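For reference, the structure is listed below as structure tokens.
Remember, predicted model here, so these are calculated numbers, not experimental data.
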Amino acid sequence: MTHSDRPEAPHHKDEGSLQDLIQLVSRRRTLGMLGTLAFGSSSVAACGGGGDGGSTSTSVSSSSASSSSASSSSSSASSSSSSSGTCTTFPTETEGPYPGDGSNTVSGSVINALALSGINRSDIRTSVGSASGTAPGLPLKLTLTLVNSGLGCAALSGYVIYIWHCTRDGLYSLYSSGATTQNYLRGIQVTDANGQVTFTTIFPGCYSGRMPHIHVEVYPSLASATSYANKIKTSQFALDRTVCSTVYNSVAGYSASISNLAAISFSTDNVFSDNTAAQLAAQTIALTGDTTNGYTGTVTLGITI
């Protein structure tokens with residue numbers, strides 16, 4: 001660090017004076033210490049950590065999640081900044097019992113929606129392959145932005161995002177009774193140059209014991225997005241409680257979600273309850289829209305690469 005105001009060393013008439021020599025050495029030592037302290041302070045302010053699986057930072061834009069109840073996490077803080085803002089490394093969450101990524105079975109058969117022809121699509125409201133059903137519900141257009149939170153929030157293009165969620169009745173295709181012959185509300189897409197994908201789906205319902213949410217997995221390439229064994233991130237997006245309440249009380253077909261939502265909160269949810277307020281805010285989809293035309297949602301998914 002350069003100190004433009006650093007004083008010059010004084011001139012002395014008696015070069016052999018021990019006292020003058022002591023003062024000179026003492027003054028230079030003091031100036032050196034001050035310079036070291038100034039440099040160290042500047043360096044600390046400019047540094048930031050990085051880590052995955054539960055680290056937090058100043059959150060990206062979301063709805064009212066920051067005011068939602070969430071318990072503290074023991075994870076260390078982690079953030080990354082760029083000219084476009086600050087992003088948060090998403091915590092790793094469970095994929096749950098209904099991932100459809102080849103990691104489990106139903107009635108002895110492996111369930112792998114990733115292997116289905118047509119699973120790479122933007123509109124996930126209909127089933128693909130030999131199935132032909134359509135999931136009814138209020139439209140939701142969801143744009144996800146994948147960034148490298150360990151490297152200045154740089155956009156990650158060419159990666160694959162897989163999402164899945166329940167129906168308005170709280171059922172999961174391929175698994176739940178009444179939906180085992182369907183594979184709707186599941187789909188993958190490759191991120192573009194901006195690290196983005198946009199899915200058209202429906203507003204998820206709320207089933208007993210969980211806050212409304214959407215599951216997500218990230219894969220390094222389209223070629224690798226065929227099995228859970230290749231995933232590099234698993235997490236979940238939360239949905240704003242106030243918006244959920246509005247939808248469930250106003251839109252036909254969501255009546256069962258009203259009582260389920262009333263019985264749960266972020267602080268009692270078995271997935272979101274151990275997240276900090278910053279984590280939860282980052283995970284909550286920012287929603288705009290209405291109960292007539294549907295909603296548009298955005299969320300930035302930060303991972304460390």
- Indicate yes or no for a side-chain donor-acceptor contact from Gln182 to the backbone of Ala179 under 3.5 Å, with no hydrogens or angles considered. no
- Message: Between Trp164 and Leu301, is there shared hydrophobic-cluster membership here, with clusters defined by ILVMFWY side-chain heavy atoms closer than 4.5 Å?
- Response: no
- Task: Take Tyr295 and Thr246 through the side chain to side chain contact (heavy atoms under 4.5 Å, CB included) test and state the conclusion after the steps.
- Result: CA-CA 12 Å; Tyr295 283 83; Thr246 298; 4.3 Å; yes
- Message: With rounding to the nearest 0.5 angstrom, report the OH to CD distance, Tyr162 to Glu95.
- Response: 10.5 Å
Let me have the donor-acceptor pairs involving side chains of residues 151-158, under 3.5 Å, with sequence neighbours excluded, atom names and distances please.
none

- Nearest non-hydrogen partners of Ser250 and Thr291, listed with the distance: CB-CG2, 4.0 Å
- Please tell me if the side chains of Val197 and Ile163 come closer than 4.5 Å, counting only heavy atoms from C-beta onward. no
- Message: Please say yes or no: joined through hydrophobic side-chain contacts below 4.5 Å, possibly via intermediate residues, are Tyr228 and Ile303 part of one cluster?
- Response: no
- Note on the structure: Of Leu116, Thr226, Leu222, the one forming a side chain to side chain contact (heavy atoms under 4.5 Å, CB included) with Ile188 is Leu222
- Heavy atoms of Gly187 and Arg121 approach each other most closely as CA-NE, 4.1 Å
- Query: Does Asn104 use its side chain to pair, donor to acceptor, with the backbone of Pro99 at less than 3.5 Å?
  - Reply: no
- Item | Sub-4.5 Å side-chain heavy-atom contact between Phe266 and Asn275 | no
- Message: Donor-acceptor check, side chain of Tyr175 to backbone of Gly100, threshold 3.5 angstrom: yes or no?
- Response: yes
- Find the distance between SG (Cys87) and CG (Leu146) and round it off to the nearest 0.5 Å. 10.5 Å
- Where Cys166 and Tyr207 come nearest, the two heavy atoms and their spacing: SG-CD2, 3.9 Å
- Query: What's the verdict on side chain to side chain contact (heavy atoms under 4.5 Å, CB included) for Arg168 and Ser257, showing C-alpha distance, side-chain angles and the deciding distance?
  - Reply: CA-CA 8 Å; Arg168 66 181 183 182; Ser257 294; over 6 Å; no
- Item | Leu174 vs Val106 side-chain heavy atoms within contact, under 4.5 Å | no
- Query: Please walk me through it: do Thr201 and Lys141 pass side chain to side chain contact (heavy atoms under 4.5 Å, CB included)?
  - Reply: CA-CA 6 Å; Thr201 185; Lys141 181 169 284 189; over 6 Å; no
- Task: Would you confirm whether Arg186, through its side chain, and Ser127, through its main-chain N or O, come within 3.5 Å as a donor-acceptor pair?
- Result: no
- Is there a donor-acceptor contact under 3.5 Å from the side chain of Lys231 to the main chain of Asp101? no
- For the pair His213 and Tyr172, name the ring-plane relationship: parallel under 30°, tilted 30 to 60°, perpendicular over 60°. tilted
- 4.5 Å side-chain heavy-atom contact, Val216 and Phe90: no
- Check: Asn270 and Thr94 side chains under 4.5 Å, non-hydrogen atoms: no
- Message: Using only atom types and a distance under 3.5 Å, with no angle test, would you say the side chain of Thr284 pairs donor to acceptor with the backbone of Asp240?
- Response: no
- Message: Measuring from atom CD1 of Ile124 to atom CG of Leu142, what distance do you get when rounded to the nearest 0.5 angstrom?
- Response: 8.5 Å
- Query: Under 4.5 Å between any side-chain heavy atoms of Val160 and Val190, yes or no?
  - Reply: yes
- Item | Point-to-point distance, once rounded to the nearest 0.5 Å, from CZ of Phe199 to CD1 of Ile161 | 6.5 Å
- Task: Check Pro220 against Tyr159 and note the closest heavy-atom contact, atom names and distance.
- Result: CA-CD2, 3.6 Å
- Item | Gap between atom OG of Ser267 and atom CG of Asp274 - 0.5 Å precision | 12.0 Å
- Item | Residue pair Leu239, Met211: steps toward the side chain to side chain contact (heavy atoms under 4.5 Å, CB included) verdict | CA-CA 8 Å; Leu239 289 156; Met211 286 294 292; over 6 Å; no
- Query: Between Tyr254 and Tyr248, what is the ring plane arrangement, given parallel below 30°, perpendicular above 60°, and tilted in between?
  - Reply: parallel
- Task: Provide the closest heavy-atom pair for Ala238 versus Leu280 in the form atom of the first, atom of the second, distance.
- Result: CB-CD1, 4.2 Å
- Message: Taking Ile214 as the starting point, is it possible to reach Tyr98 by hopping between hydrophobic residues whose side chains are less than 4.5 Å apart?
- Response: no
- Message: With a 4.5 Å cut-off on side-chain heavy atoms, are Phe272 and Gln283 touching?
- Response: yes
- Task: Ignoring hydrogens and angles, tell me if any N or O in the side chain of Asp290 forms a donor-acceptor pair with the backbone of Thr292 under 3.5 Å.
- Result: yes
- Query: Do Val147 and Val218 share a hydrophobic cluster, counting only Ile, Leu, Val, Met, Phe, Trp and Tyr and linking them when any side-chain heavy atoms are less than 4.5 Å apart?
  - Reply: no
- Query: Which distance, rounded to the nearest 0.5 Å, do you find between the CD of Glu217 and the NZ of Lys233?
  - Reply: 12.0 Å
- Query: Under 3.5 Å, is there a donor-acceptor pair between the Thr126 and Thr134 side chains?
  - Reply: no
- Item | Nearest non-hydrogen partners of Leu140 and Pro204, listed with the distance | CD2-CD, 4.2 Å
- Hphob cluster co-occupancy, Val247 + Ile264, side-chain heavy atoms under 4.5 angstrom: yes
- Message: Assess, by modelled atom type and distance only, whether the side chains of Gln196 and Thr145 contain a donor and an acceptor separated by less than 3.5 Å.
- Response: yes
- Task: Kindly indicate whether the side chain of Ile305, heavy atoms from C-beta on, has any atom under 4.5 Å from the side chain of Ile232.
- Result: yes
- Does the pair Thr234 and Thr92 meet the rule for a side chain to side chain donor-acceptor pair (under 3.5 Å), with working shown? CA-CA 6 Å; Thr234 304; Thr92 295; over 6 Å; no
